[in-house]
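So you know, we letter chains A, B, ... as the sequences are listed, proteins then strands, and number each from 1. Only heavy atoms go into these numbers, but all of them, side chains included; no hydrogens, no water, no symmetry mates.
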Amino acid sequence: MPELPEVEVICRQLNEVLPGQEITGIKVHLAKAFADPQGLLPELIGTRFTEVQRRGKYLLLYTERLVLVGHLRMTGALLYRTHAASISHVRVEIRLAPPAVLYFKDVRTFGGLTLLRRADLAMYPPLLKLGPEPLSPQTSELALYTASRGRKVALKTLLLDQRVIAGVGNIYADEALFLAGLRPKMRADRLTRPKARRLLAALKTVFTQSIEDGGTSFRDYRDSAGKRGLHVQRLAVYGRKGLPCKRCQRPLQSIRLGGRTTVYCPHCQK
DNA sequence: CTGTTCACCTGGCAGC
DNA sequence: TGCTGCCAGGTGAACA
C-alpha cells in the first residue's frame with residue numbers, strides 16, 4: 001500500500017510523538033508480523049524511542065540500542081493512539097505509557113516488524129540492497145541511467161526495482177512516467193541521459209507533492225492518526241484507465257507490465 | 001546473470 | 001441476496 005511518500009508522512013508524524021516515550025510492553029497477535037532473530041525482545045521493554053527514520057519504504061524506529069525495522073507491504077499501517085481504540089486486524093501492539101499504544105495493523109499480513117541491534121542495522125540485507133534515495137540532492141540521473149544499461153525490461157519495471165531507486169511503487173512509477181512523457185513499456189536500455197534526467201525530476205516532483213498532500217489513499221492507506229492522504233485527487237493516470245488524459249483529453253490506456261497494472265496516455269507518453 | 005511468473009493473504013466489488 | 005471471480009499501493013522465491 002504505501003510507497004515512499006506514505007512512509008515519509010508516517011515517519012514525520014511518529015517523530016512528533018514517539019521520541020522519549022517508553023516501551024512498556026509488546027503484544028504480538030500474529031507471530032510472523034514480529035521477527036526477533038536475535039531474541040532481543042526482553043531488552044526492548046523499558047527502553048525509550050529516540051528517533052524515527054525512513055529508508056526507501058522501510059521505517060526505522062530507533063531506541064537507544066535497538067531498532068525496529070518496519071515494512072508495511074500492501075496493507076500495513078502504524079496507528080498511534082492515546083485513547084482506548086478498537087482497531088481491526090491488529091498484528092502487533094507496542095504499549096507505551098498508558099493509555100498510549102502504537103498499533104501495527106495489517107489486513108493482508110504481508111508486512112511486519114523486525115527487531116535488531118542498532119549496530120547490526122548496516123548489515124541487514126534488505127536495507128543493503130536498496131538504491132539511492134530519490135529526494136536526496138546527491139542522487140542524480142546517473143543512478144537511473146547507469147542501472148538501465150544493458151537492461152531489456154520495460155522502463156516501468158526498472159523503476160519498481162528497489163535496487164535502482166528506493167521507494168518507487170506502482171502508483172508513483174506510473175505518475176512519474178506520465179509527468180516525464182515517457183512510455184512505461186519502453187525498453188530500459190533505450191533511456192538516454194536527458195530522459196533519465198526528466199524521469200528523476202518527475203519522481204522528485206510527484207513524491208514531493210504527494211508528501212505535501214499527506215500521501216495517496218487510493219483504498220487502504222491511512223497515516224499514523226488513521227487519516228486519509230489527499231493526493232488521490234492529483235493523480236494523473238493511476239486508477240484512471242479509460243478516463244480522459246488530463247493533458248490531451250484522449251482516453252488513458254491500461255496494460256500489464258511485470259504483472260502490474262500500468263496506466264498511461266498513448267498520446268502524451270512516447 | 002536476466003527476465004518472468006507465482007505465492008504469500010484478506011477483503012471489496014462487479015457481474016450474474 | 002448470495003455466489004464467483006477478479007483485483008489490490010510489495011517483494012522474494014522459483015523457474016526458464
To the nearest angstrom, how far is A:K129 atom NZ from C:dA13 atom P? 7 Å
Would you tell me if any nitrogen or oxygen in the side chain of A:R260 comes within less than 4.0 Å of OP1 or OP2 on C:dG10? yes
Between A:Y221 (OH) and C:dG9 (P), how many Å, whole number? 16 Å
Could you give the distance separating B:dG12 and C:dT11 at their C1' atoms, to the nearest angstrom? 23 Å
Return no unless some side-chain N or O of A:K32 is found under 4.0 Å from OP1 or OP2 of B:dC8. no
From the list A:L61, A:L79, A:L68, side-chain contact (heavy atoms from CB on, under 4.5 Å) partner of A:L102 resolves to A:L61
From CZ of A:R187 across to C1' of B:dG3 the rounded distance in Å is 12 Å
Winner on side-chain proximity to A:Y238, out of C:dA8, B:dT10, B:dC8, is C:dA8
Please tell me which of A:K57 and A:T261 maps to the more 5' nucleotide of DNA chain C, matching each residue to the nucleotide holding its nearest heavy atom. A:T261
Could you give the NZ-to-P distance, from A:K241 to C:dG9, as a whole number of Å? 13 Å
Distance check, P atoms only: C:dC3 and B:dC9, in whole angstrom units. 25 Å
Could you tell me the separation between the CZ atom of A:R108 and the C1' atom of B:dT10, rounded to a whole number of Å? 7 Å
Pick from A:R228, A:E6, A:K227, A:K105: which one makes a side-chain contact (heavy atoms from CB on, under 4.5 Å) with A:R222? A:R228
With a centroid cutoff of 5.5 Å and a plane-angle limit of 30°, would you call A:F110 stacked on C:dG10? yes
side-chain N/O A:H89 vs B:dC9 OP1/OP2, d < 4.0 Å: no
Ranking A:G259 and A:T109 by the position along DNA chain B of their nearest nucleotide, the one closer to 5' is A:G259
Rounded to whole angstrom units, what separation is found between the CD1 atom of A:I171 and the P atom of C:dG9? 7 Å
Can you tell which of B:dC9, C:dG9, B:dG11 lies closest to the side chain of A:E3? C:dG9
As a test of understanding, state which of A:T109, A:D106, A:D220 forms a side-chain hydrogen bond (donor to acceptor under 3.5 Å, both in side chains) with A:T75. A:D106
Under 6.0 Å between ring centres: does that hold for A:Y264 and A:F178? no
Nearest to the side chain of A:H71, heavy atoms from C-beta on, is which of B:dC9, C:dG10, C:dG9? C:dG10
Same-atom distance (P) from C:dC6 to B:dC6, integer angstrom: 13 Å
Is the Lys NZ or Arg CZ of A:R240 less than 6.0 Å from the centre of A:Y238's six-membered ring, within 45° of the axis? no
Calculate the interatomic distance between A:D106 atom CG and B:dC8 atom P; express it in whole Å. 16 Å
Counting only Watson-Crick or G-U wobble pairs whose two distances fall under 3.5 Å, which nucleotide matches B:dC9? none
Does any residue of residues 149-163 of chain A have a heavy atom under 4.0 Å from DNA chain B, and if so, which ones, in number order? A:R151, A:K152, A:V153
Verify whether the ring centers belonging to A:Y172 and A:F207 lie closer than 6.0 Å. yes
Approximate separation, where rounding is to 0.5 Å, of A:L40 CG and A:I45 CD1: 11.5 Å
Interatomic distance where CZ belongs to A:R91 and P belongs to B:dC8 [whole Å]: 17 Å
What I want to check is whether the side chains of A:E3 and A:N170 have a donor and an acceptor closer together than 3.5 Å. no
